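What follows is a short report on a single structure.
Numbers here are sequence positions counted from 1. Source: prediction; values computed, not measured.
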Amino acid sequence: MYKVYAYRLYPSQSQEKRLFDTLETCRQFYNDLLEERRDAWANEQRSVSKVEQLRKVKELKATNPYARNIHSHVLQVVVADLDRAFQAFFRRVKSGEKPGYPRFKGKNRFSSFGFKEYGNGFKIDGRRLRLHGIGRIPVRWHRPLPCTPKTVRIVRKADGWYAMFTCEVEPQVLPSTGREAGIDVGVASLVTTSGGEKFANPKWYLAGQKKLHRLQRSLSRKQLGGKNREKARQAVARHHLHVSRQRQDALNKIIYKLIQEYDFIAVEDLNIQGMVKNRRLSKSIMDAGWGYFKERLFSKAAEAGRMVVEVNPANTSQTCSSCGQLFPEKISLSVRTVRCACGLELDRDINAAINILRLGRSRWALTSAAAGVA
């Protein structure tokens, strides 16, 4: 399997200038390729292929003075990135989703470029990363790479530059624990397990609202196009990045604990895009990071040899986990303890998590039976 390892870069002023120049050249090349595809379809009803646009790399290096010192692989990765954007667009059209045609990239919307072969354009040189046309950049090696990387993508974030190395590693299968869990995600409690364990929701974005409002007010007072406005914009971006990292760190710790303790995990197959249309809860739902949690849980489970299944969340909060009957009256979100005529009295989220586990077992049994028949 492939994993990505991120490391902070500390380029000198001259190296950072070359990084920015490379990024800007790649951005303009991306926009030119996108314009070619758009115009070819609008004027001739013709699709431009990836192979056709790869031929333009040699052309660009011969005619553009800024592209001469850029490795060909970097420009080829730009072509591949645009092709992936169009493949995703066609997939969404085919599935009936909102298409989202690939967009032209402004200066603040293009943040990375890549090299696709170790030793051909990039190489680890001692404790530095050697990049073609840029030089040897100091790297903060906070942990060792597990193997020689396959590719690297240089990413510009609000707080600096990062190298994202892609490595091919063997899955680390964990020993069996014999335990199972249903997982209910929420706003009041971030994660609740069927065993009764709750993980609090720190509400990172809401907690940082006061500071964010101050930074945004400062940004709004700055003159358009001025250096002070750019500094204020970067301060806002750094704040958002900090909140994002807080969220990811907390969710990763929860996921690590779940993967270590449970062989089988059942989660809700939530329609998050539909749920955020609720204006009253949208900010809290996005702040909870349910999408990141589920995606990361599946990824880590595959690496550790654990099983994760999704179940239909319908009525998991409205059904008694003891007798299996729907509650006679709909339980509103403000009610945190459910009671049933069968004698059950239980926390709302724990009751839902138990139901999710039961549905997960049923789905896994049906899937296993179908696979056996096949």
Side-chain angles (χ1 to χ4, degrees), residues 2 4-40 48-89 100-124 128-139 149-166 230 233-234 237 241:
Y2 289 95
V4 176
Y5 295 81
Y7 298 85
R8 178 76 181 269
L9 300 178
Y10 292 91
S12 65
Q13 287 186 355
S14 60
Q15 288 171 340
E16 187 166 33
K17 183 181 182 304
R18 289 193 286 272
L19 287 170
F20 275 119
D21 289 345
T22 301
L23 197 63
E24 178 61 15
T25 304
C26 290
R27 183 186 72 86
Q28 292 181 7
F29 186 44
Y30 183 97
N31 287 341
D32 290 343
L33 296 174
L34 175 54
E35 183 180 20
E36 180 189 22
R37 289 202 181 205
R38 184 199 63 184
D39 292 348
V48 179
S49 70
K50 177 182 175 181
V51 174
E52 289 179 73
Q53 293 198 315
L54 282 172
R55 297 192 188 105
K56 294 190 173 295
V57 170
K58 191 173 182 180
E59 243 177 73
L60 182 72
K61 287 182 67 66
T63 58
N64 188 326
Y66 294 101
R68 285 173 190 164
N69 292 328
I70 297 177
H71 199 279
S72 297
H73 284 187
V74 173
L75 301 174
Q76 290 170 13
V77 169
V78 173
V79 177
D81 288 345
L82 179 63
D83 187 68
R84 270 196 301 272
F86 270 95
Q87 293 304 320
F89 166 71
Y101 190 83
R103 63 186 297 173
F104 289 96
K105 302 294 185 180
K107 287 191 175 182
N108 294 326
R109 289 187 175 273
F110 195 91
S111 58
S112 69
F113 61 89
F115 295 85
K116 62 180 185 179
E117 184 182 359
Y118 184 79
N120 190 359
F122 82 99
K123 187 177 182 180
I124 296 172
R128 297 181 180 235
L129 174 64
R130 184 186 293 276
L131 299 178
H132 176 88
I134 295 168
R136 296 173 67 246
I137 304 176
V139 184
K150 297 283 186 181
T151 66
V152 68
R153 184 169 283 269
I154 308 303
V155 181
R156 168 67 176 169
K157 295 187 178 182
D159 63 339
W161 294 89
Y162 290 81
M164 318 293 282
F165 295 101
T166 301
E230 178 60 20
R233 188 196 65 78
Q234 290 178 0
L241 181 63

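A ring-ring contact (aromatic ring centres under 6.0 Å, His included) with Phe110 is found for one member of Tyr30, Phe29, Phe104 and no other, namely Tyr30. Only one option out of Tyr2, Tyr7, Tyr5 pairs with Phe165 in a ring-ring contact (aromatic ring centres under 6.0 Å, His included); it is Tyr7. The residue from Asn120, Val77, Ile134, Leu131 that alone fulfils the side-chain contact (heavy atoms from CB on, under 4.5 Å) condition with His71 is Asn120.
Annotation: side chain of Trp161 is in contact with side chain of Ile154 (closest heavy-atom distance under 4.5 Å). For the pair Arg156 and Leu19, the minimum side-chain heavy-atom distance is 4.5 Å or more. By the 4.5 Å heavy-atom criterion applied to side chains, Arg233 and Asn108 are counted as neighbours.
Nearest heavy-atom pair, Val74 versus Cys26, reported as atom, atom and distance to 0.1 Å: CG1-SG, 3.5 Å. Contact detail for Lys61 and Ser72: the closest heavy-atom pair is CD-OG, 3.4 Å. Pairing each heavy atom of Leu34 with each of Pro102, the nearest pair is CD2-O, 3.7 Å. Residues Ile70 and His132 share a closest heavy-atom pair of C-CD2, 4.2 Å. Residues Ser112 and Leu23 approach most closely at N-CD1, 3.4 Å, considering heavy atoms. Minimum interatomic distance between Phe115 and Gly121 (heavy atoms only, all atoms of both residues): CE2-O, 3.5 Å.
Using cut-offs of 30° and 60° for the angle between ring planes, the Phe89 and Tyr101 rings count as perpendicular.
Atom CG of Asp39 is surrounded by more than 12 heavy atoms from other residues, nucleotides or ligands within 6.0 Å. No more than 12 heavy atoms of other residues, nucleotides or ligands shown are found within 6.0 angstrom of OH on Tyr66.
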| message | If you apply the rule salt bridge (Lys or Arg N to Asp or Glu O under 4.0 Å), what do you find for Lys105 with Asp81, and how did you get there? | response | CA-CA 12 Å; Lys105 302 294 185 180; Asp81 288 345; over 6 Å; no
| task | Determine, step by step, whether Arg37 and Glu52 satisfy the salt bridge (Lys or Arg N to Asp or Glu O under 4.0 Å) criterion, reporting the C-alpha distance in whole Å, the side-chain angles of both residues, the deciding distance to 0.1 Å, and the verdict. | result | CA-CA 11 Å; Arg37 289 202 181 205; Glu52 289 179 73; over 6 Å; no
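Rounded to the nearest 0.5 Å, atoms CG (Leu129) and NZ (Lys123) are 12.0 Å apart. The CZ atom of Arg55 sits 6.5 Å away from atom OG of Ser49, with the distance rounded to the nearest 0.5 Å. Interatomic distance, Lys50 NZ to Leu82 CG, rounded to the nearest 0.5 Å: 10.5 Å. In this structure, CZ on Arg103 lies 10.5 Å from CG on Asn31, to the nearest 0.5 angstrom. Distance check, rounded to the nearest 0.5 Å: NZ of Lys116 to NZ of Lys150 gives 14.5 Å. If you take NZ on Lys107 and CD on Gln28, they are separated by 8.0 Å, rounding to the nearest 0.5 Å.
Ion pairing between Asp21 and Arg18 fails under the 4.0 Å rule for side-chain N and carboxylate O.
Cation-pi geometry between Lys157 and Tyr162 is satisfied (NZ or CZ under 6.0 Å from the ring centre, within 45° of the ring normal).
Side chain of Tyr118 to main chain of Val152: no donor-acceptor pair is present (N/O by atom type, distance under 3.5 Å, no hydrogens or angles). In terms of modelled atom types and a separation under 3.5 Å, the side chain of Gln15 and the main chain of Arg136 share a donor-acceptor contact. Checked by atom type and distance alone, the side chain of Glu36 never pairs as donor or acceptor with a backbone atom of Val48 at under 3.5 Å.
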